[in-house]
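Input: a single structure, listed below in structure tokens.
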There are 2 protein chains.
Amino acid sequence: MALEHAILVSLTEQAATGYDLARRFDASIGYFWRASHQQIYKTLARMEADGWVSATIEPREGTADKKTYAITDAGREELTRFTAEPSPREALRSDFAVKLRGLADVTAIVEDTRRRRADHVERLDRYEASAKRHYPDPDAVEERERGAYLALRGGILSERMGIAWCDEILDQLETRSDR
Amino acid sequence: MALEHAILVSLTEQAATGYDLARRFDASIGYFWRASHQQIYKTLARMEADGWVSATIEPREGTADKKTYAITDAGREELTRFTAEPSPREALRSDFAVKLRGLADVTAIVEDTRRRRADHVERLDRYEASAKRHYPDPDAVEERERGAYLALRGGILSERMGIAWCDEILDQLETRSDR
DNA sequence: CAAGACATGTAACTGGTTACATGATTCG
DNA sequence: CGAATCATGTAACCAGTTACATGTCTTG
């Protein structure tokens, strides 16, 4: 389970509320881990019980208290322990590949593939823009940003391969007649 | 949810017992969908209740009956319906990327990356061997095998990109001193 | 005769999703 | 004053994992 660890990594960079974390998971960390705010609040509660994070409470009237979470020493230890254990291979589950394998309706799959390709292109653009902005010189990435840079590179390579796959599929399935 | 649909695709090709399906999910279909036998039995029961598959029962003494499942017309309809709906983007969740992003222990990550690279190489070899054996001429793939071929191509591209990523990571993190 | 393949399951648990619910503050 | 953003949750459900459980048949 790595949601906990993704949160720990994020808190290492900067203390945050559940809401902040949810936004980070929509952006940079979301490149390789998605999480809803409900899931994040649930997980933070468990992590606090485990002593991996500690909350600073800011009472508010009329609504729930604001809680800002910071990583604890125990949390840092847990992160080190987690880093040391071998990562399991990602369980790959692709609805798209299942459809493709079945190839029940070529027209529908071509359509789906085009949609998918457009999505990859859009993400690739975002990632490349982000890379250009934050790491204009890849050979001079700062020590403490190296991890984030390499993770982003993974995103870029992954989107490029996605596009290449879509192109192969379209090349084989598209009839010359339509567009 | 696509386990049901992965099963339907598999049964379209050939009727099978739960045990057979579990083995198929360890092999070809397992390139893009993993499932344990427990999960498969549970899902088959639900699918039978939904009328998507029908079981031929072969009674056996002293142990549970053998059930061979075949896809029904309702199952084929469901598969068509599923193919027509747009595929959701895969939820990407990578323990490895979380670790990399945190970069808490460079030595541990280098080790993990090497392990990961070896795994990608091994899979790539298997996929390429399979491609060579089943589809020696990519331009002459039979109509009804096109889906399987394109899915396998996805696997190949994905492993290649995995290797490329590992190489970039190792290139940036490996000190010249070790190996 | 033992090991491994064939064959089917149950039970407890965990992580994640979807739907629902509430309320304050800020900015155009 | 209304929309967006900030902020925190609960409840019901579902899919998937892990551990446990059983028994036959085939082959070396």
Side-chain angles (χ1 to χ4, degrees), chain A residues 1-8 14-27 29-30 32-50 52-53 55-69 82 88-95 98, chain B residues 1-8 14-27 29-30 32-50 52-53 55-69 82 88-95 98:
Chain A
M1 222 290 285
L3 172 56
E4 295 167 347
H5 302 104
I7 289 175
L8 288 177
Q14 174 83 56
T17 63
Y19 186 86
D20 293 334
L21 286 168
R23 272 186 316 168
R24 290 188 203 167
F25 276 81
D26 266 353
I29 298 168
F32 45 86
W33 203 279
R34 298 251 119 222
S36 64
H37 73 104
Q38 293 95 326
Q39 183 65 14
I40 288 168
Y41 285 119
K42 227 197 291 188
T43 305
L44 279 171
R46 192 174 59 229
M47 291 169 76
E48 196 184 4
D50 289 344
W52 297 354
V53 297
T56 310
I57 291 164
E58 181 188 315
R60 292 179 304 173
E61 269 162 55
T63 189
D65 294 347
K66 176 172 170 176
K67 295 176 201 163
T68 304
Y69 292 92
F82 169 73
R89 160 120 193 152
E90 280 86 51
L92 93 101
R93 293 208 157 107
S94 167
D95 279 40
V98 168
Chain B
M1 222 290 286
L3 172 56
E4 295 166 347
H5 301 103
I7 289 175
L8 288 177
Q14 173 83 55
T17 64
Y19 186 85
D20 292 333
L21 286 167
R23 272 185 317 169
R24 290 188 202 167
F25 276 81
D26 266 353
I29 297 168
F32 46 84
W33 204 279
R34 298 250 121 222
S36 64
H37 73 103
Q38 293 93 328
Q39 184 64 17
I40 288 168
Y41 285 121
K42 225 197 292 188
T43 305
L44 278 171
R46 192 174 59 229
M47 291 169 76
E48 197 184 3
D50 289 344
W52 296 354
V53 296
T56 310
I57 293 164
E58 180 188 317
R60 292 180 304 172
E61 269 162 55
T63 189
D65 295 347
K66 175 172 170 175
K67 296 177 199 160
T68 303
Y69 292 92
F82 169 73
R89 159 118 192 154
E90 280 85 50
L92 94 100
R93 293 208 156 107
S94 167
D95 279 40
V98 167

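Order of the sequence lines fixes the chain letters, A, B, ..., with proteins taken first and strands second; residue numbering starts at 1 for each chain.
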Sugar-phosphate only, base, or nothing, as touched by A:Arg34 at under 4.0 Å among non-hydrogen atoms: nothing

To the nearest 0.5 Å, what is the distance between [atom1] ([X]) and [atom2] ([Y])?
X       : Y       : atom1 : atom2 : value
A:Gln39 : A:Ile7  : CD    : CD1   : 8.5 Å
A:Thr17 : A:Tyr41 : OG1   : OH    : 6.0 Å
B:Phe32 : B:Glu90 : CZ    : CD    : 11.5 Å

Pairs involving residues 35-49 of chain B, ordered by first then second residue, that meet salt bridge (Lys or Arg N to Asp or Glu O under 4.0 Å) (sequence neighbours left out): B:Glu4-B:Arg46

Figure out the [atom1]/[atom2] separation between [X] and [N], and round it to whole Å.
X       : N      : atom1 : atom2 : value
B:Asp95 : D:dT17 : CG    : P     : 14 Å
B:Lys66 : D:dC25 : NZ    : P     : 12 Å
B:Phe25 : D:dT17 : CZ    : C1'   : 16 Å
A:Glu61 : D:dA7  : CD    : C1'   : 16 Å
A:Arg93 : D:dC14 : CZ    : P     : 18 Å

5' precedence on DNA chain C between B:Thr63 and A:Thr63 (nearest-nucleotide basis): B:Thr63

Whichever of B:Asp65 and B:Ala91 has its nearest DNA chain C nucleotide further upstream toward 5': B:Asp65

Test item: B:Ile40 and B:Tyr19 side chains (from C-beta on) under 4.5 Å apart, heavy atoms: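 Answer no - side chains too far apart.
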
Side-chain touch A:Leu21/A:Arg24, heavy atoms, less than 4.5 angstrom: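 Of all side-chain heavy-atom pairs linking A:Arg24 with A:Leu21, at least one is under 4.5 Å.
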
Side-chain N or O of A:Tyr19 closer than 4.0 Å to phosphate OP1/OP2 of D:dT8: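 No, no such contact exists.
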
D:dT5 OP1/OP2 closer than 4.0 Å to side-chain N/O of A:Arg23: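 No, A:Arg23 has no side-chain N/O under 4.0 Å of OP1/OP2 on D:dT5.
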
Outermost nucleotides of DNA chain C that come under 4.0 Å of a non-hydrogen atom of chain A: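 Contacts span C:dG15 to C:dA24, reading 5' to 3'.
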
Under 3.5 Å donor-acceptor, B:Arg93 side chain and A:Arg34 backbone: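 Judged by distance alone, yes, a pair lies under 3.5 Å.
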
Aromatic plane relationship, B:Trp52 with B:His5 - under 30° parallel, 30 to 60° tilted, over 60° perpendicular: tilted

B:Arg23 with B:Asp20: basic N within carboxylate O range, under 4.0 Å: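 Salt bridge flag = yes for B:Asp20 with B:Arg23.
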
Can you give each donor-acceptor pair under 3.5 Å made by side-chain atoms of residues 56-63 of chain B, sequence neighbours left out, with the distance rounded to 0.1 Å?
from    : atom 1 : to      : atom 2 : distance (Å)
B:Arg60 : NE     : B:Ala64 : O      : 2.9
B:Arg60 : NH2    : B:Ala64 : O      : 2.4

Closest-nucleotide 5' rank along DNA chain D - winner of B:Leu3 and A:Arg60: A:Arg60

All ring pair (Phe, Tyr, Trp, His ring centres under 6.0 Å) counterparts of B:Phe25, not counting sequence neighbours: none

Nucleic acid contacts - residues 35-45 of chain B versus DNA chain C, non-hydrogen atoms under 4.0 Å: B:His37, B:Gln38, B:Tyr41

Degree of bending in the helix from C:dC1-D:dG28 to C:dG28-D:dC1 once both end axes are built from five pairs, to 10°: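 Axis angle across the helix from C:dC1-D:dG28 to C:dG28-D:dC1, nearest 10°: 40°.
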
